[in-house]
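Quick notes on the structure that follows.
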Protein chains: 2
Amino acid sequence: MAARTTLKDVARAAGVSQMTVSRVVRGDTVVSLRTREHVARVIGNMGYVPNKLAGSLAQAYSNQVAVLIPSLVNNVFASVLAGITEELEKGGYNPVVGVTEYDLRKEEAQLISMMSWRPAAVILANLVHTDRTRSILENTSVPVVEIMDIRGDPIDLGVGLDHEAAAAALADYLMDRGYQRFGYLGWQANDFAAAARFRAFRARLETRGYGLVAPDVYDAPPDLPAGKKGLEMLLSVAPKTEAVAYSNDTAAMGGVNLCLELGMRIPDDLAIAGFSGLRMAQCLPQPLTTIRTRRRDIGETAARNILKRLSGTPVDRKVDLGFELIKGLSA
Amino acid sequence: MAARTTLKDVARAAGVSQMTVSRVVRGDTVVSLRTREHVARVIGNMGYVPNKLAGSLAQAYSNQVAVLIPSLVNNVFASVLAGITEELEKGGYNPVVGVTEYDLRKEEAQLISMMSWRPAAVILANLVHTDRTRSILENTSVPVVEIMDIRGDPIDLGVGLDHEAAAAALADYLMDRGYQRFGYLGWQANDFAAAARFRAFRARLETRGYGLVAPDVYDAPPDLPAGKKGLEMLLSVAPKTEAVAYSNDTAAMGGVNLCLELGMRIPDDLAIAGFSGLRMAQCLPQPLTTIRTRRRDIGETAARNILKRLSGTPVDRKVDLGFELIKGLSA
DNA sequence: TTGTAAGCGTTATCAC
DNA sequence: GTGATAACGCTTACAA
């Protein structure tokens, strides 16, 4: 495409004005059918591609939606993003993805960078941000959706679940099952939702007179090998642990694996619980006891609410998609 | 941000021209230190955010790189994307991600949409595209990198591995181990790299007088449950199968799981092999026999080559990152 | 139904 | 060093 063909080129070739071509491109029906067809043909021949840079500049807004998520490798956010993408496309919007790596500074930097593209809306995770980030979001005129955790007050819109309630429900379930010596293995110290779960889990144990024998939180990606290694270390410190709660299903699968290798019986020798409700973890010989969250739904709902808001439809300020305790065979 | 502050506003407030402010924003050192500091202060106070729409329009190119990948949920592409993102950021570029769902029509639509944002470069998967897609890519003046499979001729740049060679290597290994009755379980009929592996695997068996007892290819996401179910069906058709090659590690883990449940010994009753070399699959009680690919590296290299090309440095047209046979305990 | 003119907020270019 | 001016390619508002 040596010299890009522009509206002007098409207009000249079609013998009409730029505006008429512009109208045809955008499907404006005020243009007579005759000219519309004529221009459309010329456009096809010339391989004209509209320049949205110019279009959005003229319109003050783009059809891009800024999406800031902590991690792409984490299956949870991959699902959320899939939901966002699918739903956004229905409205003709495209997600522009930024990865924050659970780092609020990076979130801020990414947001600033994205705002300069004049997105039509912003989606980001959790309710905790830097002051600068908050200030930008509070002052923007475009819709902002904070997803995942909804305990607290969203800046504009919120979609997710109550992570503390979820963790408490799991703690209750485990205590009801009769376990007494609990361990906790968490990852990604900057994952605020996970941190909230950890605190709530521990607090719930304490309200009923129990406590954590050995809590450990690592600042690393919560993958299967990590879950294995974490449990190894925990057991070396507190070998009498009866039940271990993981911050994450994938890591919990690592724990299951270690037990298999050491010949420990689950849940008799050690009970294991996860968080997320990944399909994968339900395929273990003993399906994992865990909390199922509606990840994809969170993404879809966030996107849908943006579309609603952009079209002027009233939207619920906060949407709680809830969670579900999966009573597996691992605890 | 009721009325956005623009370059003009800042200029007025600082008592200089727009151009001077523009220079300061971009870190142009021709501006005297005095004015630079002064203007920087004013910018800070006013909370000015540059409008890249306008900037890129004026410059004819943006700092966005279009990235078209088949799937986000698939861990392989999540890693590739992570590599791309990290490396691109070093050069001040941002990825704009489009998901094609292994559908060439969607790839085409996404590409057209992205080209209208005047990206600085394009990254997409595989060498197979629609005619229209090819034509757009052949005619663009920006760098284009086709990743994953490199057997064949890239339009511009290519980074990946030879999937057929990898599949053949795996077939050889399995035959050398003495297996004779092979099954194959693949997913995502439109995944061209996977399809190439399937053909190559079968072809290699045939050159040595073997063949597939039961090949099955499903058009669904290759997750763990799918791998389990696929194997169930395969064994019901061909119970005497000795070794099953999976198109994908995650699905292979499903197969391992089924064996555990059925009490089948691996690899004595059934040998299982995967593809990708996910860390997760190496944490099974019996590490999976598989082919390790350098996913993250592919992303990094693709991005690095774009940066090189954009800065005028010569670049290898095709980069083969190779693969590695992991001799696990599952086959 | 179609066209004209004036921006949108930057940057390149060339004076000063 | 700094500034005026003309693009960049489109859309809005209004005129014909």
Side-chain angles (χ1 to χ4, degrees), chain A residues 1-40 42-43 46-64 92 113 115-120 141, chain B residues 1-40 42-43 46-64 92 113 115-120 141:
Chain A
M1 274 168 212
R4 290 213 135 279
T5 63
T6 71
L7 221 45
K8 196 189 280 180
D9 303 326
V10 179
R12 199 175 305 136
V16 296
S17 74
Q18 286 190 42
M19 261 324 291
T20 301
V21 181
S22 171
R23 291 189 177 110
V24 173
V25 170
R26 284 172 298 153
D28 192 332
T29 49
V30 302
V31 182
S32 75
L33 193 60
R34 252 183 69 83
T35 25
R36 242 187 299 164
E37 285 173 343
H38 170 57
V39 172
V42 176
I43 287 177
M46 303 184 69
Y48 167 70
V49 177
N51 184 335
K52 290 197 188 168
L53 250 24
S56 298
L57 176 59
Q59 282 185 126
Y61 287 114
S62 72
N63 70 341
Q64 297 190 145
S113 162
M115 289 312 281
S116 65
W117 289 103
R118 302 295 181 263
S141 56
Chain B
M1 276 169 212
R4 291 211 136 280
T5 63
T6 71
L7 221 43
K8 196 188 282 182
D9 303 326
V10 179
R12 199 175 305 137
V16 296
S17 74
Q18 290 190 41
M19 264 322 292
T20 300
V21 181
S22 172
R23 289 188 177 111
V24 173
V25 170
R26 285 172 295 156
D28 192 332
T29 49
V30 301
V31 183
S32 76
L33 192 60
R34 253 183 68 83
T35 25
R36 241 186 300 164
E37 285 173 343
H38 170 58
V39 172
V42 176
I43 288 177
M46 303 185 69
Y48 167 71
V49 177
N51 185 334
K52 289 198 188 167
L53 289 172
S56 298
L57 176 60
Q59 282 186 131
Y61 287 114
S62 72
N63 71 339
Q64 297 190 144
S113 162
M115 289 312 280
S116 66
W117 289 103
R118 302 295 182 261
S141 56

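Below, chains carry the letters A, B, ... as their sequence lines are ordered, and counting in each starts from 1.
Checking the phosphate oxygens (OP1, OP2) of C:dT10, no side-chain nitrogen or oxygen of B:Tyr61 falls inside 4.0 Å. Here A:Gln59 reaches the OP1 or OP2 of D:dT12: one of its side-chain N or O atoms lies under 4.0 Å away. B:Ser56 has no side-chain polar atom (N or O) that falls below the 4.0 Å cut-off from OP1 or OP2 of C:dT10. Contact annotation: A:Ser17 side-chain N/O to C:dT2 OP1/OP2 distance is not under 4.0 Å. For A:Arg23, no side-chain nitrogen or oxygen approaches OP1 or OP2 of D:dA13 to under 4.0 Å. For C:dG9, neither phosphate oxygen OP1 nor OP2 lies less than 4.0 angstrom from any side-chain nitrogen or oxygen of B:Arg4. Taking side-chain N and O atoms only, A:Thr20 has no distance below 4.0 Å to OP1 or OP2 of C:dT2.
In this structure, CG of B:Asp9 is placed 11 Å from P of C:dC8, rounded to the nearest angstrom. Distance A:Asp28 CG to C:dG3 P: 13 Å, rounded to the nearest Å. A:Met19 has its CE atom 9 Å from the C1' atom of D:dC10, to the nearest Å. Remark: P of D:dC10 and CH2 of B:Trp117 are 12 Å apart, rounded to the nearest angstrom. With rounding to whole Å, B:Arg26 atom CZ is found 8 Å from C:dT10 atom C1'. At whole-Å resolution of the value, CZ in A:Arg12 and P in D:dC10 are 13 Å apart. At whole-Å resolution of the value, NZ in A:Lys8 and P in D:dC8 are 7 Å apart. In this structure, CZ of A:Arg118 is placed 11 Å from C1' of C:dT10, rounded to the nearest angstrom.
Listed nucleotides C:dT2, C:dG9, D:dG9 differ in distance to A:Val31; the shortest reach to its side chain belongs to C:dT2. Listed nucleotides: C:dT1, D:dC8, D:dC10. Nearest to the side chain of A:Thr35: C:dT1. Here the nucleotide nearest the side chain of A:Thr6, chosen from C:dT11, D:dG9, C:dG9, is D:dG9.
Looking at A:Val42, A:Val39, A:Ile43 one by one, the single match for side-chain contact (heavy atoms from CB on, under 4.5 Å) with A:Tyr48 turns out to be A:Ile43.
For B:Gly15 and B:Ala54, each mapped to the nucleotide of DNA chain D holding its nearest heavy atom, the one lying further toward the 5' end belongs to B:Gly15. Of the two residues near DNA chain D, A:Ala58 and B:Leu33, the one whose nearest nucleotide lies more 5' is B:Leu33.
Among all heavy-atom pairs drawn from A:Gly47 and A:Thr5, the shortest one is O-OG1, 4.2 Å. Across all their heavy atoms, B:Ala13 and B:Met46 have their closest contact at CB-SD, 3.7 Å.
At least one side-chain heavy atom of A:Trp117 sits under 4.5 Å from a side-chain heavy atom of B:Ser56. Put simply, the side chain of B:Val16 reaches to within 4.5 Å of the side chain of B:Val21, judged on heavy atoms.
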